[in-house]
Chemist: 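Sharing a structure, written as structure tokens. Questions coming.
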There are 2 protein chains.
Amino acid sequence: MYRINFNEFFTSAFSVDCMLFGYSQGQIKALLIKRAMEPYNNFWAIPGDLVYPDEDLDEAANRILKDLTGLSDVGLHQAQSFGHPKRHPQGRVVTVSYFAMVRIEDFNAKASSWADEISWVPIHNIPVLAFDHNLIMSTTIELLKQKLRVEPICFDMLPDRFTLNEFQQLYEYAYNQPLDKANFRKKIKHVPLLAHDEKQKMVKHRPAKLFSFAKEEYKTKVETSDYQFKM
Amino acid sequence: MYRINFNEFFTSAFSVDCMLFGYSQGQIKALLIKRAMEPYNNFWAIPGDLVYPDEDLDEAANRILKDLTGLSDVGLHQAQSFGHPKRHPQGRVVTVSYFAMVRIEDFNAKASSWADEISWVPIHNIPVLAFDHNLIMSTTIELLKQKLRVEPICFDMLPDRFTLNEFQQLYEYAYNQPLDKANFRKKIKHVPLLAHDEKQKMVKHRPAKLFSFAKEEYKTKVETSDYQFKM
DNA sequence: TTAAATAATTGTCGAAAATACAATAATTAA
DNA sequence: TTAATTATTGTATTTTCGACAATTATTTAA
């Protein structure tokens, strides 16, 4: 390999697209930005940026996330790479897509340097996007759904303290089908949750108990037994 | 985004690493090549090549596969991308790893233009490799194992006609644990297999029936019912 | 204060799947 | 013909899944 003049290959750039998913009002949503420059001016798009010459991919994804939301220490997952030669009108740009889960209520995304506008859009209602971002988005959403089945990433979207109904409704939205309440509770019997004394407030019916995910307990459980998260 | 001088970013190259997995003598094996040039001369490595300027990633992976094995129309799966700035000593090269399953007996890999030597190595005994190929390999093997659980890709490694024991032993090797013969057969009751009249020959014991995977039947089953392959 | 309404929570039962283990049948080699 | 080996089938027990019913706790409106 590398039989041909080496230098003619070093003419490409790569970018990282960083999808954020959150959960509010019973819907899983993705963060979109409205582009404020050409190409695709005024189109909705996935936040992303070129990777610096001496930057690792994960590093770039974290930088973009930090710039956009102020958050660091968020679990980033690499999804897929897209490299159609004509996908970017200004040159050869291969993009690597990442995604992360955040609590929508917990932060204000800074649109400033990125776009005029940002918006949380339900993943079942994604509009037409810039570049090949619809392909990237739909591919990544499928991956997200798959990971929701086998990894406890839903808790990164749910509020720190949540009701079992909120937990259930998240999966109902993801799978796009109603689930039986009683059976759902049986299914999650093995998921390490911490029950709080605290209850829902300001609701006009019997308030539900609040739970949070016992992350440490989960880790040791995975390591010591052959438990596997499964929904 | 793209706030900085656009052109200084177009100084990178892309490569595609193409892992081949096969199954023989009760072991899942990966194809390695022995490099015949610097850097990492004489190291074992994953077959790969730079991506041409006007080539899509999938296209490049298919080209490499064809060059190396003569095979086309093989199901290629994108695994992950690796982009540490120093991973390649001769410049910034981001690599996208792919993998595919083949029947080891069915072809002779052409080492000629690629390397002095090629070798099928059991995935549980991978030696020290060139570049960051050990990282790529182990990451991809994990992904392979996961996909074996939920997609019928094992049949791309098994011979066209196989015994149920061969089928079972593949999973025993992948999961690294023995499985109960009777229970295994119950578990695969729903996998669409075609039973042949033909039997094993040249064995010094009762010959086993031969089966093959009913691909078309599988497809319609997935489309029409909510069946999911699961091991 | 009380009843109606709403939602949380728990329980039951049969069907299906997973697990452990045993028994039987077919074939080869000596 | 028999011992050895392996394929194949069966049984019984436990665990999980799915549909549905019953009960309990709390709020709001009368």
Side-chain angles (χ1 to χ4, degrees), chain A residues 25-26 148-150 152 158-159 161-213 221-222 225-231, chain B residues 25-26 148-150 152 158-159 161-213 221-222 225-231:
Chain A
Q25 296 158 313
L148 280 170
R149 286 189 182 274
V150 293
L158 286 167
R161 299 184 169 201
F162 52 86
T163 69
L164 297 185
N165 250 19
E166 290 174 317
F167 184 8
Q168 178 178 337
Q169 282 157 14
L170 192 158
Y171 277 94
E172 288 181 334
Y173 187 78
Y175 299 165
N176 205 19
Q177 65 174 350
L179 301 173
D180 182 276
K181 201 177 264 195
N183 295 335
F184 183 83
R185 276 151 207 258
K186 260 177 280 181
K187 190 173 227 167
I188 63 169
K189 265 276 154 40
H190 299 109
V191 179
L193 295 179
L194 191 61
H196 295 280
D197 289 335
E198 197 187 347
K199 292 181 179 180
Q200 256 182 332
K201 278 165 189 166
M202 309 289 291
V203 288
K204 48 169 164 282
H205 56 262
R206 174 180 172 182
K209 222 183 290 180
L210 291 180
F211 294 85
S212 49
F213 179 54
K221 201 169 178 180
V222 168
S225 72
D226 57 355
Y227 166 73
Q228 222 221 328
F229 183 86
K230 198 127 215 322
M231 295 297 296
Chain B
Q25 296 156 313
L148 280 170
R149 285 188 183 275
V150 292
L158 287 167
R161 300 185 170 203
F162 52 84
T163 69
L164 297 185
N165 250 18
E166 290 174 315
F167 184 9
Q168 178 178 338
Q169 282 157 14
L170 192 158
Y171 277 95
E172 288 180 335
Y173 187 78
Y175 299 165
N176 205 19
Q177 66 173 349
L179 300 173
D180 183 276
K181 201 178 264 195
N183 295 336
F184 182 83
R185 282 152 140 89
K186 260 176 278 182
K187 189 173 225 165
I188 63 168
K189 265 276 155 38
H190 299 110
V191 179
L193 295 180
L194 191 60
H196 296 278
D197 290 335
E198 197 186 347
K199 293 180 178 180
Q200 259 183 329
K201 278 165 190 165
M202 309 289 290
V203 288
K204 48 170 164 282
H205 55 263
R206 175 182 172 182
K209 221 183 291 179
L210 292 180
F211 293 83
S212 49
F213 179 55
K221 201 169 177 180
V222 168
S225 73
D226 55 356
Y227 167 73
Q228 222 222 325
F229 182 85
K230 199 127 214 324
M231 294 297 294

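To find a chain, count down the sequence lines: A is the first, B the second, and so on, and within it residues start at 1.
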Chemist: Can you tell me how far P of D/dA7 sits from CG of B/L210, to the nearest Å?
Modeler: 12 Å
Chemist: Taking atom C1' of C/dA20 as reference, at what distance in whole Å does atom CZ of B/R185 sit?
Modeler: 17 Å
Chemist: When the ring planes of A/F162 and A/F167 are compared, do they come out parallel, tilted or perpendicular, using 30° and 60° as the limits?
Modeler: perpendicular
Chemist: Provide, to the nearest angstrom, the distance between the NZ atom belonging to B/K181 and the C1' atom belonging to D/dT6.
Modeler: 6 Å
Chemist: Hey, is CD on A/Q25 packed in by over 12 heavy atoms from elsewhere, all under 6.0 Å?
Modeler: no
Chemist: In whole Å, what is the span from the CD atom of B/Q177 to the C1' atom of C/dA18?
Modeler: 14 Å
Chemist: Between atom CZ in A/F184 and atom C1' in D/dT16, what is the gap in whole Å?
Modeler: 16 Å
Chemist: For the backbone of B/A208 and the side chain of B/Q200, can you confirm whether one donor and one acceptor N or O come within less than 3.5 Å of each other?
Modeler: yes
Chemist: Kindly say if B/N165 contacts the phosphate of D/dA7, meaning a side-chain N or O under 4.0 Å from OP1 or OP2.
Modeler: yes
Chemist: Quickly work out the A/Q168 CD to C/dT9 P distance and round it to whole Å.
Modeler: 11 Å
Chemist: Side chain of B/A182 only, please: which of C/dA17, C/dA7, C/dC21 is the nearest?
Modeler: C/dC21
Chemist: Less than 3.5 Å between a donor and an acceptor, one on the side chain of A/N183 and one on the base of D/dA19, is that the case here?
Modeler: yes
Chemist: Going by modelled atom types, is there a donor-acceptor pair between the base of C/dT28 and the side chain of B/K199 at under 3.5 Å?
Modeler: no
Chemist: Compare all side-chain heavy atoms of A/K181 with those of A/R185 and state whether any distance is below 4.5 angstrom.
Modeler: yes
Chemist: What is the distance, to the nearest angstrom, from the CD atom on B/E166 to the C1' atom on D/dA7?
Modeler: 13 Å
Chemist: How many whole angstroms separate atom NZ of B/K204 from atom C1' of D/dA7?
Modeler: 17 Å
Chemist: Using a distance-only criterion (donor-acceptor N/O pair, under 3.5 Å, no hydrogens), is the base of D/dG18 paired with the side chain of A/K187?
Modeler: no
Chemist: Looking at C/dT9, D/dT8, C/dA7, which one has an atom nearest to any side-chain atom of B/K209?
Modeler: D/dT8
Chemist: Considering only D/dT16, C/dA8, C/dT27, which nucleotide approaches the side chain of A/H190 most closely?
Modeler: D/dT16
Chemist: Answer with yes or no whether B/K186 presents, from its side chain, a donor or acceptor under 3.5 Å of a partner atom in the base of C/dT19.
Modeler: yes
Chemist: Does A/R206 or B/D180 map to a spot on DNA chain D nearer the 5' end, using the closest nucleotide for each?
Modeler: B/D180
Chemist: Establish, yes or no, whether the cationic atom of B/R149 lies under 6.0 Å from the six-membered ring centre of B/Y175 and within 45° of the ring axis.
Modeler: yes
